[in-house]
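Basis for what follows: all heavy atoms, side chains included, without hydrogens, waters or symmetry-related copies. First the proteins, then the strands, lettered A, B, ... as listed; each starts at 1.
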Amino acid sequence: MQIHDTPTLKAEARNLNFYYGEVKALKSINMPIYDKKVTALIGPSGCGKSTYLRSFNRMHDLYPGNRYEGEIRFYPDNTNLLSPEVDPIEVRMRLGMVFQKPNPFPKTIYENVAYGLRVRGENNSRVLDDKVEQALRGAAIWDEVKDRLQEMAPNLSGGQQQRLCIARALATDPELLLFDEPTSALDPIATGAIEELVHELKKRVTILIVTHNMQQAARVSDYTAYMYLGELIEFGKTDEIFIKPQDKRTEDYITGRMG
Amino acid sequence: MQIHDTPTLKAEARNLNFYYGEVKALKSINMPIYDKKVTALIGPSGCGKSTYLRSFNRMHDLYPGNRYEGEIRFYPDNTNLLSPEVDPIEVRMRLGMVFQKPNPFPKTIYENVAYGLRVRGENNSRVLDDKVEQALRGAAIWDEVKDRLQEMAPNLSGGQQQRLCIARALATDPELLLFDEPTSALDPIATGAIEELVHELKKRVTILIVTHNMQQAARVSDYTAYMYLGELIEFGKTDEIFIKPQDKRTEDYITGRMG
Amino acid sequence: MKPLTTEQIRAVIAKGKFRDNLFKAIGVFCLAFALLVIVALIADMLLKGAERFTLDFFLNFASRRATQAGILSAWVGSLLVMLVTALAAVPLGVAAGLYLEEYAKRNWITNIIEINVTNLAAVPSIVYGLLALGIFVYMFGFGQSILSAGLTLALLILPIIIVATREAIRAIPAMIREGSMAVGATRWQTCHYHIIPYAMPGILTGVIIGLARAIGETAPIITIGALTFIAFLPPVPFSEIDGGGSAGLFDWVMSPFTVMPIQIFNWTSRPDPAFEVNAAAAGFVLMVMVLSMNAVAIYLRYKMRKNIKW
Amino acid sequence: AQSAQAQVIKVDGSSTVYPITEAVAEEFQKAKKNAIKVTVGISGTGGGFKKFCRDETDFSNASRPITKSEMELCKAAGVEYIEMPVAFDALTVVINPKNAFLKQATVAEMKTLWEPAAQGKIMKWNQVNPAWPDAPVKLFGAGADSGTFEYFTEAMVGKAKSSRGDYTASEDDNVLVQGVSRDVNAIGYFGYAYYAENTAKLKALAIVNPKTGKAVEPSAANVENGTYAPLSRPIFIYVKAKSLQKPEVREFIEFYMKNAAALIKEVKYVPLPAAAYTGNLEHVKKNKIGTVFGGVNEIGITIEELMKREAKM
Amino acid sequence: MSANNASDLPGVSDRLAYNAMRNWKERLIETVLLAAAAISVLTTLGIVYVLVSESFHFFQNVSIIDFLTDTQWTPLFDDAHFGIMVLISGTLVSSGVALLLAIPMGTIIAIYLSEFANPKVREVAKPILELLGGIPTIVFGYFALLVVTPILQFFLPSLPGFSLLSAGLVMGIMIVPYIASLSEDAMRAVPMSMREGAFAMGSTKLYTAVHVVVPAAISGLAASYILGISRAVGETMILAVAAGMQPNLTWNPMEPAATITSYIVQVALGDLPHGSIGYQTIFAAGLTLLLITLVFNILGQWLRAKYREAY
Ligand SMILES: Nc1ncnc2c1ncn2[C@@H]1O[C@H](COP(=O)(O)OP(=O)(O)OP(=O)(O)O)[C@@H](O)[C@H]1O
Ligand SMILES: Nc1ncnc2c1ncn2[C@@H]1O[C@H](COP(=O)(O)OP(=O)(O)OP(=O)(O)O)[C@@H](O)[C@H]1O
Ligand SMILES: [Mg+2]
Ligand SMILES: [Mg+2]
């Protein structure tokens, strides 16, 4: 176990710049991500939260014209996720991601969760069954769907879909989970369930979560990063950020939004 | 002017039931809407908020199989908006609506705002110019777009689009404005602007607004209605509902979500 | 402008509704007119050709005597040519569409391919005939075979399938793709598990429009020189051949052939008016072939679509 | 694949000769119980010769003799052939059956009507012959790509392919039949078979034979006795000498010559005298290679002349 | 990309390095797919090669100036003229007639089906309409000649038995389903929210359709029009049968005329010796046709790009 105040690093952005073609969307970001902690990213719309998050699993590689500069060090192996020698597919295999809008595949619930394993070449149905159950339990949705694993996933309610997407990400035992505003499309009850889940999950994995909702950030995260116009303005323990932000801009944003 | 505690009625649902084919989505709703006040509709996802809102301007008539029972009385003329003898087009001309996702028409900014007037047969460009400016000012977007009125509306940012949609609705001087989660797609800053606007608007029009966000409901509304599973559970002044809800379910919902 | 009075509003609405109704009438008229033309054409062929609808008509070869002439070699030929066309055009078209939507990087090569595909969709069919004559018949030495015709028509409908595939793929939300890639799938795995299955209904529409066009196409097949009297069928795989030995699995693709529209064309240009009856009957049979192809596709599309939503 | 193709006899070429060869092929396959397969294509005489000279077909149907350039092509590819006239076609000038004023026409009148100089000028019947009414002329004729067109212009206007252009042309003679049958003032020309099958809708115009001065209607008898001139023309098949080594090709050619007369009548062409067919077979036996026309088409050859010439080979 | 201060650190861990096997397979698949896409380029090259190489011989004998400016088209006559304008006029006039019918009618049907008709009507009408696309065009040709022409002659007694008008109208009917079906798809793809916005403003169905749905679907409509135009320009058999095949330089649809395609199919079936000038004209004509469709296409692409930019 870690001693509470000196957490180990799971990842670290070093001098990270990112360009959408000509547009510089991230500006010299330096930021640690601590192992088995929840780090929240907050900031006004368009400040680069999603862009930053999607740099970790090289999502930007899917589109032409995007360019990284700097490094994202990943531990314990201490390699740079952005290095050209690193295979983005291997990166994505070690990271999980949950999107703003639940995006289940139009397949059965079972196949949605098993997908990541199948992609890895796992076809043994015993193993798959086990892993699927485990992931669905981990995402706190097992009881709701255990009798209808062969139903189509898009027939689930929004909140269920989002938990299914989390299960899909969990099934492959990721080391770092990326959440991009996972609750913004959900109603308060579903939101509560997912916040609960994040709380559970951090016992096992490291989590990086983008949110617009200050309360949510305050409730679920251990660390908070405030971004503004592509820059990281402030990073620190959530309590400290919310109670006595160092930067005027952070303070304005937080207080302006708290209600 | 009204004396503060005895507002006049603008509309009133009486024993309203609504069916999507076989599915009964609204169950005996009885609820007043007060003139020049903001009424917020809250409740968990799927409880019928949108359904209720869309009954006012007969949006459900667009799809086959939908059926209304009961009345929505509209004042001062005391007509039943749902009566088969009432022309839905006429109803829609008196009401304005802003949707969850901004849906500007694929036309210029100017034409978007002028649309409602053209529909009403207005083609005098002097009149149109005036009204468009007025509506854009009313929606607090005039300064941002006054130099680019001939640009295509879909090129605006999300928050701007939503305010444009509000301007579009304002241009025809509706008596009642319906907002269906107008800020859920927006970031906190754009949200703030729109909340401000609602505050402004209620000097002139009556507003009915659906929201998932308790803080928002608390901030902008005079009255709040809590719906659950198609029923109206509680209706009252916003202060009272948020401070001492009468119904256990309302209380659970509000407190559970207030954080 | 003062707010409109109720009367004014009602007048505006009345005017709008009048226009609605007027348009509705025009729309119904146009639709009815188009449908009437089809129904009339089909009914006309049915009535004119009625006396030929006997089993013999389907089982006889062409003949100089109208009453004995049948469409055996023509319908078999049409089916086989369509088989070759589909086998060539569908994989190629889907692969090309997949490449352009999912793989292609924006560079000049893809730009050329893109412009190309849209242009090809507009090239008149007869020009394909000229191409096929030079390339398939002579350069590749396929002669006037089922293979030549099938490939010619495949090229003809390839752009239609590519365009349909691309449109179908474009309709798949990016978040599905991202969802798949995010768990570590490769591009091909994403295509294989998601893109292709979800695009299938749309692809099918393209295939059907394409094949319906191909099956009725005359000009390019005439140009490759397939306007021919044929009174035999292509060899069935492994069947005995009169000269001894047995046919290979793919011998039929090199066989001479005829197809329905050619047979119809041939009959309409006969001196003896009795052949008009044959032409009408064959035209009706062709319609039934197109219709059943459509029906199969519409059914498949419906079944697939039911399961796909996002 | 070789064995599957071995038994196919390939014929291609003119659409005019097509009905005859098709009829022969049909009967031949029946007689052989489908053991030998015959395909008969329509690529036009030129298209047929192109394939023939590329060594792709065994027979070529031709509505005109082989041309010089085609002879060279064949020579270059080492393709040798035997020429066989198989029938006569009577180009028929037709008018609408309701047409009351036209009983006959002379070659000179036809020339006035059809020559290039007439284009845009001769638009009324009375401009051709003052005895005819002041009514518009509606012209229908074969497409300029066809042997029929070439022959008709040479026979009537005096120079091959020399024609006015403002007439309705069609490759599909039924289209012309439709055109003429629907317009009282129409006149058109095409092969005899299309007239013979549509005598209810059309009337054949008697053409004055320039040698005898008598107006002659097209009919089998008049073609045979040589009086329907100059619009009678022979049509041919060419067989590749090398193919004759194949027994099935020999069988086919024998079958063709033996049954031609009956089948040709059935498809409304004019058969040659029996001696012509035996003569053709004789040529096959003696392997008499080449053409008697030297690469040029000739007008107004009668059956007799033709046979004399063939015999001299 | 970064590799700034990586020297002091270990290299890429095995767990993140490229998987050679997987990479190889992906490359192979990509290459195969690229090859499939390249077929379309090869097809075009093939078409251009065939047409240009034959036309090359043709233009050695006929000057390009004559080809473009002569007002007569009699390549097979003794007095040969090679004025392609004659065939182009026939092609453009017949296509013009067809499109004047097909575009409005197709669009009206599409609007009607997508915005007004009951879904059941739509589900039945569309496949039937699509049948029109499968009818062999020769059948349409005789329909034009035997049915449409007499009907038109009843109203227009001066109409000749063969005319661009009746061929063009029937061609228009044939193209209607393409335009209607594809436009309807495009209009139905317009999100319902757009329509709701319009209806909520109190507009009527027609007003919504014309002012909101059509502009939103304009790129799809344009695509269907381009396809329709190309089909019209490239249509063969209807014109060969019903338009009269007279090489007639006219812009009057009430006259008979020949078109590029009908000329090509006529010669392809005829008795001309191959390799002769007369025969080579079909390649020059084909090349012209290709260029015409290319022009339409580039124009259409440009228009589409221009409109699409707007969203
Ligand atoms: N594909 C793209 N091409 C060009 N610019 C982009 C692209 N995606 C995002 N941007 C720009 O990059 C900046 C950062 O965008 P990003 O999506 O990361 O913001 P965000 O903080 O996630 O905002 P939100 O809270 O609205 O999701 C914005 O200015 C945006 O306009
Ligand atoms: N078109 C429809 N057909 C059938 N049922 C529908 C339809 N639209 C909504 N419903 C059902 O009616 C109920 C009320 O839906 P409604 O959209 O009004 O909910 P809501 O309160 O607006 O929810 P949310 O907060 O998610 O927008 C739900 O149970 C929903 O499933
Ligand atoms: Mg974001
Ligand atoms: Mg709702």
Side-chain angles (χ1 to χ4, degrees), chain B residues 50 53-54 56-65 87-108 111-121 150-156 161-162 164-166 168-172 174 176-180 185, chain E residues 107 110-125 183-225 302-311:
Chain B
S50 300
L53 196 77
R54 293 158 61 91
F56 281 79
N57 68 347
R58 303 272 294 264
M59 233 31 189
H60 298 299
D61 291 34
L62 298 180
Y63 304 91
D87 188 343
I89 298 181
E90 200 178 318
V91 173
R92 293 181 199 135
M93 284 195 173
R94 295 177 63 183
L95 270 55
M97 179 155 182
V98 177
F99 298 81
Q100 173 166 9
K101 236 189 107 204
N103 57 351
F105 302 138
K107 294 175 174 286
T108 61
E111 282 304 324
N112 261 277
V113 183
Y115 185 85
L117 300 165
R118 290 204 193 275
V119 164
R120 283 157 180 75
Q150 296 310 320
E151 257 181 52
M152 296 301 281
N155 289 343
L156 294 173
Q161 286 187 12
Q162 194 62 299
L164 180 70
C165 290
I166 295 175
R168 186 172 74 189
L170 288 180
T172 54
L176 173 59
L177 261 177
L178 309 169
F179 285 90
D180 194 353
Chain E
T107 311
I111 294 179
Y112 176 74
L113 285 180
S114 128
E115 306 299 313
F116 287 83
N118 171 326
K120 277 190 197 127
V121 172
R122 177 171 59 218
E123 293 314 315
V124 174
S183 303
E184 203 263 350
D185 281 348
M187 286 197 264
R188 262 214 291 168
V190 172
M192 219 31 223
S193 67
M194 205 80 100
R195 281 183 198 93
E196 289 191 353
F199 285 122
M201 302 296 303
S203 60
T204 56
K205 278 190 174 179
L206 183 62
Y207 201 91
T208 308
V210 172
H211 290 269
V212 176
V213 180
V214 167
I218 197 76
S219 135
L221 294 188
S224 80
Y225 295 165
W302 178 76
L303 279 177
R304 255 168 94 179
K306 201 179 134 174
Y307 273 104
R308 192 179 284 161
E309 240 176 306
Y311 300 69

Open item on the list: Quick check on the interface: out of B:K107, B:M97, B:E151, B:M93, who has the most heavy-atom pairs with chain E under 4.5 Å?
Closed with: B:K107
Open item on the list: Let's test your reading of the structure: which of B:T172, B:I89, B:V98, B:D87 forms the most heavy-atom pairs below 4.5 Å with chain E?
Closed with: B:I89
Just so I know, are the side chains of [X] and [Y] near enough to count as touching, which here means a heavy-atom distance under 4.5 Å?
X      : Y      : result
E:V213 : E:M194 : no
B:L177 : B:L170 : yes
B:F179 : B:I166 : yes

Open item on the list: Using only atom types and a distance under 3.5 Å, with no angle test, would you say the side chain of B:R92 pairs donor to acceptor with the backbone of B:N57?
Closed with: yes
Give, as side chain, backbone, both or neither, the part of [X] having an atom under 4.5 angstrom from any heavy atom of chain E.
X      : answer
B:L62  : side chain
B:Y63  : side chain
B:P104 : backbone
B:R118 : both
B:R94  : neither

Open item on the list: Taking E:R188 first and then E:E184, would you say they form a salt bridge - that is, a charged N and a carboxylate O separated by under 4.0 Å?
Closed with: yes
Open item on the list: Using every non-hydrogen atom in the two residues, find where B:L53 and B:L178 come nearest and quote the distance to one decimal.
Closed with: O-CD1, 3.6 Å
